[in-house]
Amino acid sequence: MLIGVLALQGAFREHQQALAACGAESIQVRRPEELEKVNGLIIPGGESTTIGKLMMEYALIEPIKYRGEKGMPIFGTCAGMILLAKEIEGSEQPRLGLMNIKVRRNAYGRQVDSFEEDLNIPVLGDDPFRAVFIRAPYIMEVAPGVEVLARHEEKIVCAREGTFLAAAFHPELTSDGRLHMYFLNMVKKSIA
Ligand code: GLN
């Protein structure tokens with residue numbers, strides 16, 4: 001099993017470290033040929049407009065969409081979640097649009113640039129999950145079939161739709177590997 005981490009901009013190294021801590025092998029993905037080798041893909045946090053633009057320049061949008069539609073699991077964190085969304089409030093920026101969610105960018109306002117919070121994520125067990133939010137988006141709406149995995153003050157901040165997983169926060173910035181393990185299990189199932 002090999003996991004790809006989209007490595008155009010943002011926190012891709014941290015995701016690779018988190019995957020290594022979970023015992024999973026990963027490679028950086030910048031070209032369609034690299035994408036072909038992987039069984040699952042993580043799209044990191046960073047700046048969604050920049051990553052989207054680079055995905056277009058590197059001709060990655062269509063190949064990633066194709067693999068996603070064919071069942072390859074994709075995990076988007078923060079900017080990565082924005083890029084997975086079908087709808088981005090008030091924006092036409094490039095995206096994959098694979099998940100039936102509507103997101104709001106920079107949703108916590110300028111004053112609260114970043115913060116940490118203990119979340120209850122029932123699919124990960126009873127222990128709270130320390131979540132780091134950095135200029136974070138949240139999910140405004142989900143279509144039927146999208147499973148809400150966590151909320152922060154009513155706002156949806158983690159969700160799953162079939163083989164797609166999205167988190168508004170940065171699970172790669174803490175030592176809690178449970179969300180990465182959860183994704184790795186999705187990948188395992190997809191190739192079983
Ligand atoms: N605000 C960023 C965006 O809209 C996301 C921030 C992040 O990924 N930490 O792309």
Side-chain angles (χ1 to χ4, degrees), residues 3-19 26 28-30 40-58 60-61 64-65 68 73-119 121 129-142 146 148-153 155-161 164-180 182-183:
I3 307 297
V5 182
L6 188 68
L8 301 174
Q9 190 259 341
F12 52 88
R13 289 180 199 86
E14 291 82 350
H15 270 295
Q16 283 196 288
Q17 282 158 10
L19 288 166
S26 70
Q28 298 182 359
V29 170
R30 290 188 193 83
L41 182 71
I42 293 183
I43 304 177
E47 181 54 47
S48 62
T49 48
T50 305
I51 299 175
K53 220 176 106 200
L54 291 170
M55 278 199 310
M56 301 243 305
E57 274 171 32
Y58 285 68
L60 278 168
I61 298 232
I64 295 174
K65 257 171 129 164
I74 303 180
F75 180 17
T77 62
C78 205
M81 173 175 102
I82 295 167
L83 290 160
L84 272 179
K86 265 210 172 108
E87 246 192 284
I88 304 168
E89 186 191 39
S91 172
E92 295 303 320
Q93 67 191 78
R95 74 201 67 176
L96 298 165
L98 286 164
M99 253 182 114
N100 286 298
I101 57 176
K102 177 176 180 180
V103 300
R104 172 174 284 168
R105 292 180 61 199
N106 303 312
Y108 293 89
R110 291 225 167 84
Q111 290 89 337
V112 213
D113 209 38
S114 64
F115 60 97
E116 290 186 32
E117 201 67 49
D118 281 337
L119 297 180
I121 310 183
F129 191 93
R130 190 76 179 161
V132 180
F133 293 82
I134 304 168
R135 291 185 298 288
Y138 61 66
I139 300 173
M140 304 169 71
E141 286 167 30
V142 297
V146 178
V148 173
L149 302 185
R151 289 178 190 266
H152 167 249
E153 291 172 354
K155 310 284 195 295
I156 302 167
V157 292
C158 189
R160 173 179 178 174
E161 184 177 25
F164 305 128
L165 180 65
F169 46 90
H170 286 262
E172 77 286 7
L173 297 185
T174 57
S175 57
D176 191 336
R178 284 179 293 162
L179 202 52
H180 284 86
Y182 181 82
F183 177 65

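We count ligands from 1, going down the list as the structure has it; atoms in each ligand are counted the same way. All values below were derived from every heavy atom in this structure, side-chain atoms included, with hydrogens, water molecules and symmetry-related copies excluded.
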So is H170 polar-close to ligand 1, meaning N/O to N/O under 3.5 Å?
-> yes

Please indicate whether any nitrogen or oxygen in R135 is less than 3.5 Å from any nitrogen or oxygen in ligand 1.
-> yes

Atoms of ligand 1 close to I134 [distance to a heavy atom under 4.0 angstrom, numbered from 1] | 6 (C), 7 (C), 9 (N)

Give the atoms of ligand 1, by number and element, whose distance to some non-hydrogen atom of I82 is under 4.0 Å.
->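 Contacts of ligand 1 toward I82, numbered from 1: 3 (C), 4 (O), 10 (O).
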
To check your reading of the model: name the closest protein heavy atom to [atom], its residue, and the distance in Å.
atom: atom 4 (O) of ligand 1; value: R105 NE, 2.7 Å
atom: atom 7 (C) of ligand 1; value: C78 SG, 2.7 Å
atom: atom 1 (N) of ligand 1; value: N106 OD1, 2.7 Å

Geometric class of the F133/F115 ring pair [parallel <30°, tilted 30-60°, perpendicular >60°] |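 Rings of F115 and F133: parallel, as their planes differ by under 30°.
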
Aromatic rings F75 and F183: how do their planes relate, parallel, tilted or perpendicular, breaks at 30° and 60°?
->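 Rings of F75 and F183: tilted, 30 to 60°.
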
Who's closest to atom 5 (C) of ligand 1 heavy-atom-wise, of P137, G45, G46, S48?
->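 Nearest heavy atom to atom 5 (C) of ligand 1 lies in G46.
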
Any R105 side-chain heavy atom under 4.5 Å of Q93 side chain |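 Side-chain contact under 4.5 Å: yes.
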
Does a salt bridge link K102 with E89, judged by any charged N lying under 4.0 Å from a carboxylate O?
-> no

Looking only at non-hydrogen atoms, find the nearest pair between L83 and S48 and report the distance.
->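 Taking L83 first and S48 second, the nearest heavy atoms are CD2-O, 3.6 Å.
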
What's the shortest heavy-atom distance between I61 and G52, and which atoms?
-> CD1-O, 4.3 Å

